[in-house]
Trainee: 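Structure incoming, see below.
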Amino acid sequence: TTTTTTTTTTEVGLSKPMSNNNTNNTTTAAASTNATSLPAGTKQTSSYPIEVRMIVGPHANSNYMLRPKPGQPCLIGRSKGKKFIKNGVSLYKDQEISTTHGKFIAEGGGLGGGAGATARYYFTDVGSTNGTMYEGEALMPNDKLLLESGMELKVGNSVLRVVLS
């Protein structure tokens, strides 16, 4: 039996599914101006400090590479708007996610992220209808949750894993 696995990686919010021609390998694609395929297990560059891996739900096996900056959060929601497509996460297939559900925020580290600059990253539910769950607890609207690599958040019918570089 041959199993096909499709993984989508998005650096700018655009999903680009990749076929792996009926092999058991996972193919990862970077959807940017110059799209490149990366072998399974290849580490992304740190220019995208947050990777959002969809592990459950209608967008499972999709990855989104985010680069929030101080004052410029990356949004997550059901919207197909430019803010979600270009620099966020558009989960348009999940009807339990609010149009604008939450945002990924960067604080500190400066805009250039130079040597010695350490940014901290947070997730905030912006008052979504169905809320966001972390470790079985609902996040309070507009409270910041400090992100750590490996954290899993439930938004709508989807579960996402956060990977920090």
Side-chain angles (χ1 to χ4, degrees), residues 6-18 26-38 40-94 97-114 117-128 132-134 139 141-165:
T6 301
T7 298
T8 304
T9 296
T10 305
E11 288 186 355
V12 291
L14 298 172
S15 295
K16 183 174 181 178
M18 296 296 293
T26 300
T27 303
T28 305
S32 63
T33 306
N34 297 315
T36 58
S37 291
L38 302 172
T42 299
K43 188 169 179 89
Q44 297 291 329
T45 63
S46 62
S47 66
Y48 290 93
I50 301 175
E51 179 180 358
V52 175
R53 296 178 181 171
M54 303 308 301
I55 57 175
V56 173
H59 294 273
N61 297 321
S62 295
N63 297 338
Y64 300 86
M65 305 305 292
L66 304 178
R67 189 181 352 200
K69 297 177 183 173
Q72 299 174 4
C74 295
L75 301 175
I76 183 171
R78 197 177 65 239
S79 176
K80 290 185 184 180
K82 187 178 1 177
K83 290 181 195 176
F84 296 83
I85 299 296
K86 293 216 178 240
N87 191 29
V89 180
S90 175
L91 302 176
Y92 62 92
K93 295 178 188 176
D94 189 336
I97 292 179
S98 294
T99 303
T100 301
H101 195 97
K103 58 187 175 180
F104 293 90
I105 302 167
E107 289 185 358
L111 291 175
T118 304
R120 295 176 74 104
Y121 299 99
Y122 299 87
F123 178 83
T124 300
D125 184 296
V126 296
S128 65
T132 301
M133 302 291 287
Y134 172 63
L139 299 184
N142 300 309
D143 280 358
K144 294 187 302 190
L145 174 67
L146 179 63
L147 294 175
E148 296 177 9
S149 203
M151 292 175 86
E152 293 182 2
L153 302 173
K154 184 175 189 303
V155 293
N157 289 322
S158 300
V159 176
L160 61 90
R161 180 175 294 131
V162 174
V163 179
L164 301 177
S165 58

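Because the structure is predicted, anything quoted here is derived from the model rather than measured.
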Trainee: Give me the atom names and distance for the closest heavy-atom approach of Gly108 to Ala119.
Mentor: O-CB, 3.5 Å
Trainee: Could you pull out every donor-acceptor pair under 3.5 Å between side chains of residues 73-83 and any protein atom, sequence neighbours left out?
Mentor:
{"from": "Arg78", "atom 1": "NH1", "to": "Ile97", "atom 2": "O", "distance (Å)": "2.4"}
{"from": "Arg78", "atom 1": "NH2", "to": "Thr99", "atom 2": "OG1", "distance (Å)": "3.4"}
{"from": "Ser79", "atom 1": "OG", "to": "Gly81", "atom 2": "N", "distance (Å)": "2.8"}

Trainee: I need the Asn61 CG to Met54 CE distance, nearest 0.5 Å.
Mentor: 10.5 Å
Trainee: Distance from Tyr64 atom OH to Leu160 atom CG, nearest 0.5 Å?
Mentor: 10.5 Å
Trainee: Any chance you could measure Asp143, atom CG, to Thr124, atom OG1, to the nearest 0.5 Å?
Mentor: 8.0 Å
Trainee: Nearest heavy-atom pair of Arg67 and Ser47: which atoms, and what distance?
Mentor: CD-O, 3.2 Å
Trainee: Can you name the salt bridge (Lys or Arg N to Asp or Glu O under 4.0 Å) partners of Lys144, sequence neighbours left out?
Mentor: Glu107
Trainee: Using ring-ring contact (aromatic ring centres under 6.0 Å, His included) as the criterion, list what pairs up with Phe104, not counting sequence neighbours.
Mentor: Phe123
Trainee: Using the side-chain contact (heavy atoms from CB on, under 4.5 Å) criterion, which residues pair with Met151? Sequence neighbours excluded.
Mentor: Tyr134, Leu145, Leu147, Glu148
Trainee: Go through the steps to decide whether Val52 and Leu66 satisfy the test side chain to side chain contact (heavy atoms under 4.5 Å, CB included), and finish with yes or no.
Mentor: CA-CA 8 Å; Val52 175; Leu66 304 178; 3.6 Å; yes
Trainee: Roughly how far apart are Gln72 CD and Lys103 NZ, rounded to 0.5 Å?
Mentor: 12.5 Å
Trainee: Got a sec, which residues hit side-chain contact (heavy atoms from CB on, under 4.5 Å) with Pro141, two or more places apart in sequence or on another chain?
Mentor: none
Trainee: Can you sort out the partners of Ser158 under side chain to side chain donor-acceptor pair (under 3.5 Å), two or more places apart, ordered by chain and number?
Mentor: Asp94
Trainee: Using the side chain to side chain donor-acceptor pair (under 3.5 Å) criterion, which residues pair with Ser98? Sequence neighbours excluded.
Mentor: none
Trainee: With side chains defined as the heavy atoms from C-beta onward, is the minimum distance between Ser165 and Tyr48 less than 4.5 Å?
Mentor: no
Trainee: Could you work out, with salt bridge (Lys or Arg N to Asp or Glu O under 4.0 Å) as the rule, every residue matching Arg161, not counting sequence neighbours?
Mentor: Glu152
Trainee: Atom OH of Tyr122 and atom CD1 of Ile50: how far apart are they, to the nearest 0.5 Å?
Mentor: 11.5 Å
Trainee: Taking the side chain from His59 and the backbone from Lys93, do they hold a donor-acceptor pair closer than 3.5 Å?
Mentor: yes
Trainee: For a 4.5 angstrom cut-off between non-hydrogen side-chain atoms, does Thr132 reach Lys154?
Mentor: no
Trainee: Locate the shortest heavy-atom distance separating Gly127 from Asp125; write the atom from each residue and the value.
Mentor: N-OD1, 2.8 Å
Trainee: Let me see the working for Phe84 and Thr100 under side chain to side chain contact (heavy atoms under 4.5 Å, CB included), right down to the final yes or no.
Mentor: CA-CA 9 Å; Phe84 296 83; Thr100 301; 3.5 Å; yes
Trainee: Mind checking what makes side-chain contact (heavy atoms from CB on, under 4.5 Å) contact with Val56, not counting sequence neighbours?
Mentor: Val159
